[in-house]
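Please read the structure below before turning to the comments.
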Amino acid sequence: MAAMAHTGTCHCGRVTITVARAPDYLNSCNCTLCTKVAGLWGYFNPAEVAVTGETATYTRADMEPPAIGTHFCGVCGCTTHWTPMPHIPQDRMGVNMRLFDADVVAGVEVRMVDGRSW
């Protein structure tokens, strides 16, 4: 059986993300960034993700060198996804699964990550 694509949007609908499948697991991280942006991260190969609409990018100033750029809708402010910085392997990106209907992630394992201790 083929995987089913799923589409989520930011609050205002200007940014749309389509993923090829449900994520294998979700990370709920308690680091200062993830808690403030309300990220619930599903991980995908960038080839499995289509982002439409314009996003702005925030790069953490408290980590040197920064590892990711966090993308968000410039209109409603919803965090949409993150992408690795150029010095990081480009085979994985994070998608904020809170943008999708709850049934997309129903039953998917949620892993609690202690990012504050990094």
Side-chain angles (χ1 to χ4, degrees):
M1 178 184 237
M4 176 194 261
H6 304 284
T7 300
T9 66
C10 65
H11 194 263
C12 70
R14 286 181 173 85
V15 178
T16 300
I17 298 183
T18 302
V19 294
R21 58 180 174 77
D24 296 328
Y25 62 91
L26 301 167
N27 269 357
S28 179
C29 178
N30 70 356
C31 80
T32 57
L33 178 63
C34 290
T35 55
K36 291 183 186 289
V37 302
L40 181 61
W41 304 112
Y43 300 102
F44 300 91
N45 184 294
E48 297 178 292
V49 180
V51 179
T52 58
E54 189 173 330
T55 62
T57 306
Y58 170 73
T59 303
R60 290 180 75 149
D62 64 340
M63 305 215 43
E64 191 56 44
I68 64 171
T70 305
H71 299 262
F72 59 95
C73 174
V75 176
C76 69
C78 287
T79 299
T80 55
H81 64 291
W82 63 256
T83 54
M85 300 304 284
H87 65 278
I88 303 291
Q90 304 291 312
D91 61 348
R92 182 172 96 149
M93 67 183 286
V95 173
N96 189 355
M97 297 307 294
R98 293 191 195 282
L99 303 181
F100 294 77
D101 289 336
D103 62 331
V104 173
V105 295
V108 175
E109 174 190 7
V110 178
R111 299 177 181 177
M112 305 308 286
V113 177
D114 184 13
R116 289 197 186 217
S117 67
W118 291 345

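The cluster map of Ile, Leu, Val, Met, Phe, Trp and Tyr, joined by side-chain heavy atoms under 4.5 Å apart, puts F100 and M93 in the same cluster. V95 and F72 end up in different hydrophobic clusters when Ile, Leu, Val, Met, Phe, Trp and Tyr side chains are linked at under 4.5 Å. Under the 4.5 Å side-chain contact rule for hydrophobic residues, V49 and L99 share a cluster. Taken together through direct or relayed side-chain contacts under 4.5 Å among Ile, Leu, Val, Met, Phe, Trp and Tyr, Y43 and L33 form part of one hydrophobic cluster. Side-chain heavy atoms closer than 4.5 Å link hydrophobic residues (I, L, V, M, F, W, Y) into clusters, and following such links, possibly through other members, connects V105 to V110.
The side-chain contact (heavy atoms from CB on, under 4.5 Å) test applied to R21 returns A3, D24, F44, E48, not counting sequence neighbours. A search for ring pair (Phe, Tyr, Trp, His ring centres under 6.0 Å) contacts involving Y58 returns nothing, not counting sequence neighbours.
Not a single donor-acceptor pair under 3.5 Å links the side chain of D101 to the backbone N or O of D103. Of the possible donor and acceptor atoms, none in the side chain of N27 sits under 3.5 Å from a partner among the backbone N and O of C29.
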Validation: residues 5-17 side-chain donor-acceptor distances under 3.5 Å, sequence neighbours left out:
residue: H6; atom: NE2; partner: M4; partner atom: O; Å: 3.2
residue: T7; atom: OG1; partner: T18; partner atom: OG1; Å: 2.9

Please tabulate, for the side chains in residues 35-42, all donor-acceptor contacts under 3.5 angstrom to protein atoms that are two or more places apart in sequence or on a different chain.
residue: T35; atom: OG1; partner: C31; partner atom: O; Å: 3.0
residue: T35; atom: OG1; partner: T32; partner atom: O; Å: 3.3
residue: T35; atom: OG1; partner: R116; partner atom: NH2; Å: 3.4

With a cut-off of 3.5 Å and sequence neighbours excluded, list every side-chain donor-acceptor pair involving residues 74-84.
residue: T80; atom: OG1; partner: H71; partner atom: O; Å: 3.2
residue: T83; atom: OG1; partner: H71; partner atom: NE2; Å: 2.8

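Residues V104 and V108 come closest through the heavy atom pair O-CG2, 4.3 Å.
Residue pairs that meet the salt bridge (charged side-chain N to carboxylate O under 4.0 Å, His left out) test with at least one member in residues 85-96, sequence neighbours left out, do not exist here.
Around CD of Q90, the count of heavy atoms belonging to other residues, nucleotides or ligands within 6.0 Å exceeds 12.
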